[in-house]
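See structure below.
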Amino acid sequence: MSEKLLNWDEILIGGAIKDPGNSKSYETGSWRVERPVWNPESCIQCMFCWVYCPDSSILVDENGKMAGIDYDHCKGCGICVEQCPTKPKSLAMLLEAEAKGKSEEEIRKEAFSK
Amino acid sequence: MALLNELAKKKEGLVEGHRLCPGCTHSVIMRQVLAAADTDKYDIVVAAATGCFEVSSGLYPYTSWNIPWIHNAFENAASTISGIEAMYRLWKKKGRTDKDIRFIAIASDGGTYDIGLQALSGAIERGHQFLYICNDNNAYQNTGNQRSSATPFGASTTTSPNGTVLQGKSQPKKDIMSVLEGHHMQYLAQASPSNWRDLMDKAKTALDVNGPTYMNVIEPCTTGWGFPSNKSIEIAQLAVDTCIWPLYEIIEGKVKINYKPKNKLPVEEFLKPQKRFAHLFKKGNEHLIKEYQGQVDKHWEWLLAREASGIGY
Ligand SMILES: Cc1ncc(C[n+]2csc(CCOP(=O)(O)OP(=O)(O)O)c2C)c(N)n1
Ligand code: SF4
Ligand code: SF4
Ligand code: SF4
Ligand SMILES: [Mg+2]
């Protein structure tokens, strides 16, 4: 990510940052080796994945329901998969290399066929 | 506590894009605290001590905080929040603000049990209204896992290594809850991100106390403790189920245990999945595990006895 560095006289006193939450524009998704894949069919909307995600990467709709994964920021830690209580799980990990170039449907099939 | 679906609708106080390791629980804890806080009723200001969480969430020119946040130095999160809280009270008195603001100081074990202890003690004694949260990951993790007084017995760190002379840390962990309890504050609690409902209840309670409060929260560190990133919550749960990390409150000096495992697991269950304890499972080191189990049992039984006594101040 390229960004313009500030001159010393442009920096606010105390090193203050004016834009709350501006780290959203920093994409940590590129760190990922594996990705969690979601299966909405078996999901019971318990939101455990949301409450345990270290990277606020469980997408939430206006009703407070699980709506997918934010792949721009998800670091692929796998906590959501471990904590998903359904049997079989409604989240599964898939290597990024295996997801590359595939459609969402193909990726889901691949992740849950294992 | 509201349903998770309700909480998930709230605007998050801590957002994505921070540089904590994958699977780090520093952010999990803070997300739970901020989800629990009654932010319709009050605003929150956070002061952070130096450490992994601070450097990762405030890496200039970025911030992952959607709420006012300040970092000063390693040893003085409690002093920093004291100053802000004192100014707020003055402003309120002078009519410069009518906002309801609650204050949180956040640090890890290095910044709490060790270098920040003096500032914390002073701030509590002066009676500022703030919640101090220690995310205890058992060592100085940001500088690469050096032992602290919160490092448990037997754990290998770069400054309490295992080798031919030492077998990891030879001293037991400091009981910080007892140290701070001596300030006779109204509310202290120990919590774990694995038990999110309990943690949220405690944060909400603490934020409503008109005075200093303290929360000691276990913060599993995948990098320093040596376990896979997807196991962070399980490790926290194992600490709770072995009674290595009991969930309890001290309310006006009275101990209340919030969770008594039906099946108290042996400490091995917590130790085994972590590299920092691997040497304890070598032949000839059985006595070290036994000693650790003894420390854990003794503390647990003491807590049970204190609860049963019902004595407060
Ligand atoms: C006065 C001072 N001494 C040393 C340091 C270097 N330092 C930065 S972070 C850190 C360790 C922090 O440990 P802890 O408080 O446990 O937080 P963690 O990184 O484990 O979350 C140290 C020693 C510093 N910033 N300031
Ligand atoms: S893999 Fe980790 S970072 Fe990604 S969504 Fe799951 S819990 Fe969040
Ligand atoms: S943890 Fe599993 S079941 Fe629960 S909301 Fe997430 S995906 Fe759905
Ligand atoms: S070293 Fe540990 S505490 Fe620090 S960011 Fe990584 S996992 Fe978190
Ligand atoms: Mg630490």
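Naming convention: chains lettered A, B, ... in sequence-line order (proteins, then strands); numbering from 1 in each chain. Note that the coordinates shown come from a computational prediction; the quantities given were computed from them, not determined experimentally.
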Next on the checklist: Pair A:Glu96, A:Lys100 - check salt bridge (charged side-chain N to carboxylate O under 4.0 Å, His left out), show working.
Outcome noted: CA-CA 6 Å; A:Glu96 279 300 323; A:Lys100 214 171 166 185; over 6 Å; no

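- In the displayed structure, B:Lys9 atom NZ is contacted under 6.0 Å by more than 12 heavy atoms of other residues, nucleotides or ligands.
- No other option in A:Thr28, A:Val81, A:Ile79 has as many heavy-atom pairs under 4.5 Å with chain B as A:Ile79.
- Separation of atoms OG (B:Ser192) and CG (B:Asp136) is listed at 11.5 Å; rounding is to 0.5 Å.
- Checked by atom type and distance alone, the side chain of A:Lys65 never pairs as donor or acceptor with a backbone atom of B:Ala8 at under 3.5 Å.
- Contact of B:Thr25 with chain A is not made at all, since no heavy-atom distance falls under 4.5 Å.
- For B:Arg19, the side chain to side chain donor-acceptor pair (under 3.5 Å) test picks out A:Tyr26, with sequence neighbours left out.
- With a 4.5 Å cut-off on non-hydrogen atoms, A:Val51 touches chain B through its backbone and its side chain both.
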Item to check | Derivation of the salt bridge (charged side-chain N to carboxylate O under 4.0 Å, His left out) call for B:Lys202 and B:Asp198 | outcome: CA-CA 6 Å; B:Lys202 287 169 177 171; B:Asp198 175 79; 2.7 Å; yes

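- Heavy-atom pairs under 4.5 Å with chain B were tallied for A:Ile58, A:Asp19, A:Asn63; the largest tally goes to A:Asn63.
- Interface residue A:Cys46: only backbone heavy atoms are found under 4.5 Å from chain B.
- In terms of non-hydrogen atom pairs under 4.5 Å with chain B, the most contact-rich of A:Gly78, A:Pro54, A:Pro20 is A:Pro54.
- In terms of non-hydrogen atom pairs under 4.5 Å with chain B, the most contact-rich of A:Cys77, A:Gly14, A:Cys74, A:Gly29 is A:Cys77.
- With chain B as the partner, the residue from A:Asp55, A:Asn22, A:Val60 showing the most heavy-atom pairs under 4.5 Å is A:Asn22.
- By the side chain to side chain donor-acceptor pair (under 3.5 Å) test, A:Tyr52 pairs with no residue at all, sequence neighbours left out.
- In this structure, chain B has a heavy atom under 4.5 Å from the side chain of A:Trp31, while its backbone stays farther away.
- For A:Leu6, the part sitting under 4.5 Å from any heavy atom of chain B is the side chain, from C-beta outward, and nothing else.
- Note: B:Asn230 leads B:Ile67, B:Leu14, B:Leu20, B:Asn230 in heavy-atom pairs under 4.5 Å with chain A.
- Within the 3.5 Å criterion, the main-chain N or O of B:Gly23 finds no donor-acceptor partner in the side chain of B:Thr222.
- For the pair A:Arg35 and A:Tyr71, the cation sits on the ring face: its NZ or CZ lies under 6.0 Å from the ring centre, inside 45° of the axis.
- Classification of the B:Trp69-B:Trp65 ring pair by plane angle, with boundaries at 30° and 60°, yields parallel.
- Proximity to chain A among residues 48-59 of chain B is not found for any residue, judged by heavy-atom separations below 4.5 angstrom.
- Top candidate by heavy-atom pairs under 4.5 Å with chain A, chosen from B:Val15, B:Ile70, B:Ile233, is B:Ile233.
- If you tally non-hydrogen atom pairs under 4.5 Å between each of B:Glu234, B:Glu6, B:His71 and chain A, the highest count goes to B:Glu234.
- Partners of B:Glu16 by side chain to side chain donor-acceptor pair (under 3.5 Å), not counting sequence neighbours: none found.
- Contact annotation for A:Asp70: only side-chain heavy atoms (C-beta onward) come within less than 4.5 Å of a heavy atom of chain B.
- Neither side chain, A:Asn39 nor A:Ser90, offers a donor N or O lying under 3.5 Å from an acceptor on the other.
- Seen from the ring of B:Trp196, B:Arg31 does not count as a face-on cation partner, given the 6.0 Å and 45° thresholds.
- When the candidates A:Cys53, A:Gly76, A:Gly15 are compared by the number of heavy-atom contacts under 4.5 Å with chain B, A:Cys53 comes out ahead.
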